[in-house]
Amino acid sequence: MDYTRLTKDGSIPVIGIAFSGGGYRSLLTGAGALAAIDGRQHDTSCLQGLLSTNLDLDREDDEDDEGEDISMAYVPNNDKEPHKAAQDEIAPTKARGLEGILQAVSYVSGLSGGSWLIGSFLLNNMVSVFHLAACSSLWDFQMNLAIGDHLDMRQLILSDFNFSSVDDLYPSRKRPQGMAYHYKTETVRRTAEAQQFVEYHERIMEEVSKKRQAGFAISLTDYWARALSRKLLDIRGDPGITWSDITTTGTFIKHEAPFPIAIALVHDPRLAIHSSHSTIIEFTPYEFGSWDRKVGAFSDIQYLGTDMIDWEPVNDKCVRGYDNASFIMATSSSLFNDLLLLAIRHTNGLSQKVLSKFRKLLDGIPGPLYNREYALYKNPFYSPPKPLSHLTHTSANVNINGEMKDQKNQQIELTEKSSDRAAFNRETLNKYSESFNNPFKNSKLLLLGDGGQDGQNLPLDPLLRPERKLDIIFAIDASSDVHNYPNGTALRRPVGRYHSQDDYMRVPYPEIPPEEVLVELNPNNEPKFFGCSLDSYPTWDPQSETLPPLIVYVPNRQYTFNSNTSTTKLTYSRQESFAMVENGYYLMSNPFAKNWPKCVGCAIVSRGMYRNGIEPPSYCEKCFRKYCIN
């Protein structure tokens with residue numbers, strides 16, 4: 001079937017992928033899913049000895065089907081030969097059928113570990129994830145990011161010395177009888193490891209100090225960002241890589257890359273964060289802002305960090321470089337700041353030399369310990385927004401290294417531009433934002449935290465926005481609900497938000513059964529479709545010009561590896577890393593389901609068929625009966 005039959009203007013479906021939070025578990029699982037839909041040739045040079053050999057890839061026999069195969073009909077014309085490289089050498093390429101979807105994806109969104117994936121993948125110019133997982137020095141996760149070198153987080157914080165509690169580790173407290181020598185030895189070793197931990201963070205602290213010297217407030221997120229950068233962006237921890245640099249990569253310039261959106265949450269000290277009213281912030285390569293009514297505006301991300309009043313830069317100075325890529329990824333995953341806080345809280349009784357270094361580490365971070373875990377951002381929406389097109393002024397570029405360079409009469413655009421094709425316009429944004437008592441307008445700083453802190457561990461919000469007109473969302477869920485596997489909570493949690501009586505919170509979203517019902521309907525955690533029927537969207541207006549997207553839910557499960565690793569697991573051997581990627585590959589390619597590629601094709605073109613009044617072929621109907629929850 002020629003897909004152009006399904007649209008009057010010949011356009012292709014708008015496809016998005018959402019990668020959940022979940023630390024390295026999410027990054028590696030999502031990376032495997034990306035590999036499964038990547039139509040390019042995979043780098044197999046470093047895979048010797050890493051591949052599993054215990055999976056029978058013969059797809060199960062589905063019920064008989066008839067008709068032509070439309071599974072790849074949505075892929076743009078490509079005269080390149082489909083990749084055949086290493087079909088015999090690399091097991092995952094035997095589970096074929098979805099290759100090429102990535103090249104048709106318009107949007108990818110990520111939070112926490114999912115933001116690590118999209119940021120690292122795109123800023124490294126979409127190099128093969130097999131290469132990153134098996135060959136690159138970047139995705140070498142044998143070093144613990146929070147601790148440094150190869151130390152064990154449990155030994156540093158809670159100890160793993162066979163003592164009954166942390167209290168047993170300190171001379172001033174009771175110790176187990178008959179273990180004096182063992183106790184002394186382990187206490188000395190613990191002190192040495194703590195010393196090593198502090199020295200690791202002193203190196204990072206030196207880098208963060210440059211941001212402080214430039215006049216910016218810092219938090220624990222800055223330290224976490226510098227650690228992340230070494231494993232995701234540049235082994236040297238280059239602080240000059242920004243989120244807006246994505247626009248300068250070759251794949252982005254050639255329109256071969258999807259548009260990335262990382263998300264975080266605004267912390268309002270007056271309210272507990274809850275999915276029904278949390279304020280979701282988007283970071284795109286062009287803009288920073290939120291659709292939520294508490295903000296209701298977007299600003300140019302290149303000038304994030306600039307002091308603004310009424311959309312005008314204070315003292316005619318604009319800051320560039322604050323959209324540091326690792327800082328944004330650390331903001332989205334600031335849950336991990338708690339690991340450092342936990343380590344610090346368990347230092348009582350160590351040597352004064354070690355403790356003095358811990359205190360030095362924290363001295364440069366203002367505010368109470370509780371607030372230090374949030375990332376600090378200058379509020380570009382300080383005071384109600386007012387129309388402003390361009391400013392001609394003297395500006396100063398300030399990067400996080402503290403360097404300044406005057407630029408005379410530089411033209412700086414401060415409008416909300418429509419770079420990701422979303423329907424932003426100033427009149428709409430001003431009306432949207434000024435219709436409410438904006439609780440953030442009087443705050444010069446925004447406190448941002450982990451994107452999954454409200455329980456919405458799948459970053460669906462950016463992809464559900466009608467302005468982006470998505471046809472389908474692939475939701476790759478590596479959440480930790482039961483035994484570190486997902487049970488659908490991340491799908492269920494947004495229901496209260498998007499089915500709200502508040503018009504400004506309502507976004508078309510399908511009915512999702514409760515978690516216990518989902519488990520009954522899908523006991524094996526297989527991929528499922530949600531929103532197949534438009535009747536399942538209670539807040540969708542049939543008179544709307546756009547259709548809500550169908551959601552293909554792909555939950556983490558075991559194929560070739562026990563992929564339910566802990567969210568706080570921060571060390572993986574090369575074998576473990578690639579095993580996680582390989583398992584993620586099979587999650588997406590669903591190798592035991594014979595007609596899975598064909599059914600994915602049906603899901604992708606389903607909205608186009610509806611728009612043009614085309615009845616789905618009989619084999620698509622069979623697919624929907626098999627995979628649709630509603």
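From a predicted model like this one, the values you see are computed outputs, not experimental measurements.
The aromatic rings of Phe259 and Tyr107 sit perpendicular to each other, their planes meeting at more than 60°, with 30° as the lower class boundary. In this structure, Tyr559 and Tyr586 have tilted ring planes: the angle between them lies in the 30° to 60° band. Aromatic ring orientation, Trp116 versus Tyr24: perpendicular (interplanar angle above 60°, classes split at 30° and 60°).
Contact of the Asn590 side chain with the Val554 side chain is not registered, since no non-hydrogen atoms from C-beta on lie closer than 4.5 Å. Pro462 has its side chain within reach of Arg468: a pair of non-hydrogen atoms, C-beta onward, lies under 4.5 Å apart. At least one side-chain heavy atom of Val600 sits under 4.5 Å from a side-chain heavy atom of Phe474. For the pair Leu98 and Met588, the minimum side-chain heavy-atom distance is below 4.5 Å. Contact of the Thr221 side chain with the Phe327 side chain is registered, since non-hydrogen atoms from C-beta on lie closer than 4.5 Å. Under the 4.5 Å side-chain criterion, counting only non-hydrogen atoms from C-beta, Pro549 is not in contact with Ile472. In this structure, Gln142 and Thr571 have side chains that are not in contact, with every pair of non-hydrogen atoms separated by 4.5 Å or more. Contact of the Ile118 side chain with the Ser109 side chain is not registered, since no non-hydrogen atoms from C-beta on lie closer than 4.5 Å.
Without hydrogens or angle criteria, Asp323 side chain to Ser244 main chain gives a donor-acceptor distance under 3.5 Å. Put simply, the side chain of Asp471 never gets that close to the backbone of Ile15: no donor and acceptor are under 3.5 Å apart. At distances below 3.5 Å, not a single donor-acceptor pair connects side-chain atoms of Thr251 with backbone N or O atoms of Ala257. Remark: side-chain polar atoms of Asn583 are paired, donor with acceptor, to backbone N or O of Arg557 under 3.5 angstrom. Although no hydrogens or angles enter the test, the distance criterion places no donor-acceptor pair under 3.5 Å between the side chain of Arg40 and the main chain of Gln103. Under a 3.5 Å cut-off, the side chain of Ser120 and the backbone N or O of Leu232 do form a donor-acceptor pair. No donor-acceptor pair closer than 3.5 Å links the side chain of Asp38 to the backbone N or O of Ala35. A donor-acceptor pair under 3.5 Å is formed between the side chain of Asn484 and the backbone N or O of Asn564. Using a distance-only test at 3.5 Å, with no hydrogens or angles considered, a donor-acceptor pair links the side chain of Ser20 to the main chain of Ala478. Remark: side-chain polar atoms of Ser479 are not paired, donor with acceptor, to backbone N or O of Asp481 under 3.5 angstrom.
With values rounded to the nearest 0.5 angstrom, Leu122 atom CG is found 11.5 Å from Thr247 atom OG1. Atom-to-atom distance recorded for Arg320:CZ and Thr306:OG1 is 10.0 Å, nearest 0.5 angstrom. Separation of atoms CH2 (Trp243) and CD (Gln302) is listed at 15.0 Å; rounding is to 0.5 Å. A distance of 11.5 Å separates CD1 in Ile328 from CD1 in Ile281, rounded to the nearest 0.5 Å. Rounding to the nearest 0.5 Å places CD1 of Ile218 at 9.0 Å from CG of Leu376. Atoms CG and CD1, from Leu587 and Ile476 in turn, are 8.0 Å apart once rounded to the nearest 0.5 Å.
Residues Trp139 and Lys231 approach most closely at CD1-O, 3.5 Å, considering heavy atoms. Heavy atoms only, all atoms of each residue included: Ser112 and Gly23 are closest at OG-N, 4.5 Å. Here the closest non-hydrogen pair linking Ala603 and Leu550 is CB-CD2, 4.1 Å. Of all heavy-atom pairs spanning Leu458 and Ala475, the tightest one is CD1-CB, 4.0 Å. Nearest heavy-atom pair, Ala31 versus Leu117, reported as atom, atom and distance to 0.1 Å: N-CD2, 3.6 Å. Leu111 and Ser332 make their closest contact through CA-OG, 3.2 Å (heavy atoms, listed as atom of the first residue, atom of the second, distance).
Legend: residues meeting salt bridge (charged side-chain N to carboxylate O under 4.0 Å, His left out) with Lys378, ordered by chain and number and at least two apart, are Asp307. Here Thr567 pairs with Arg25 under the side-chain hydrogen bond (donor to acceptor under 3.5 Å, both in side chains) rule; sequence neighbours left out.
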- Query: Step by step, would you call Arg230 with Glu207 a salt bridge (charged side-chain N to carboxylate O under 4.0 Å, His left out)?
  - Reply: CA-CA 12 Å; Arg230 287 162 162 78; Glu207 298 174 9; 2.4 Å; yes

- Take Met126 and Leu102 through the side-chain contact (heavy atoms from CB on, under 4.5 Å) test and state the conclusion after the steps. CA-CA 11 Å; Met126 293 180 64; Leu102 177 59; 4.1 Å; yes

- Message: Let's go through Phe283 and Ile263 carefully: what are the C-alpha distance in whole Å and the side-chain angles of both, what is the deciding distance for side-chain contact (heavy atoms from CB on, under 4.5 Å) to 0.1 Å, and is it a yes or a no?
- Response: CA-CA 6 Å; Phe283 298 89; Ile263 70 169; over 6 Å; no

- Candidate pair Leu34 and Phe19, rule side-chain contact (heavy atoms from CB on, under 4.5 Å), full reasoning: CA-CA 10 Å; Leu34 281 179; Phe19 295 99; 3.7 Å; yes

- Item | Steps toward salt bridge (charged side-chain N to carboxylate O under 4.0 Å, His left out) verdict (Arg465, Asp461) | CA-CA 7 Å; Arg465 294 294 160 180; Asp461 187 84; 2.9 Å; yes

- Message: With side-chain contact (heavy atoms from CB on, under 4.5 Å) as the criterion, how do Ile241 and Ser326 come out once you've worked through the C-alpha distance, each side chain's angles and the decisive distance to 0.1 Å?
- Response: CA-CA 8 Å; Ile241 301 174; Ser326 62; over 6 Å; no

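Side-chain polar atoms of Ser563 and Asn556 form a donor-acceptor pair below 3.5 angstrom. Asp245 and Thr242 share a donor-acceptor pair across their side chains, judged by distance under 3.5 Å alone. The closest side-chain donor-acceptor pair between Trp291 and Glu467, if any, does not fall under 3.5 angstrom. For the residue pair Trp224 / Ser333, a side-chain donor-acceptor distance below 3.5 Å is found, with atom types taken as modelled.
Annotation: cation-pi pair Lys569/Tyr572 present, NZ/CZ under 6.0 Å from the ring centroid and within 45° of its normal.
Side-chain rings of Phe216 and Tyr322 approach one another, their centers coming within less than 6.0 Å. Ring to ring, Phe578 and Phe130 are close: their centroids are under 6.0 angstrom apart.
In summary, of the residues considered (Ile551, Asn457, Asp477), a side chain to side chain contact (heavy atoms under 4.5 Å, CB included) with Leu491 occurs for Ile551 alone.
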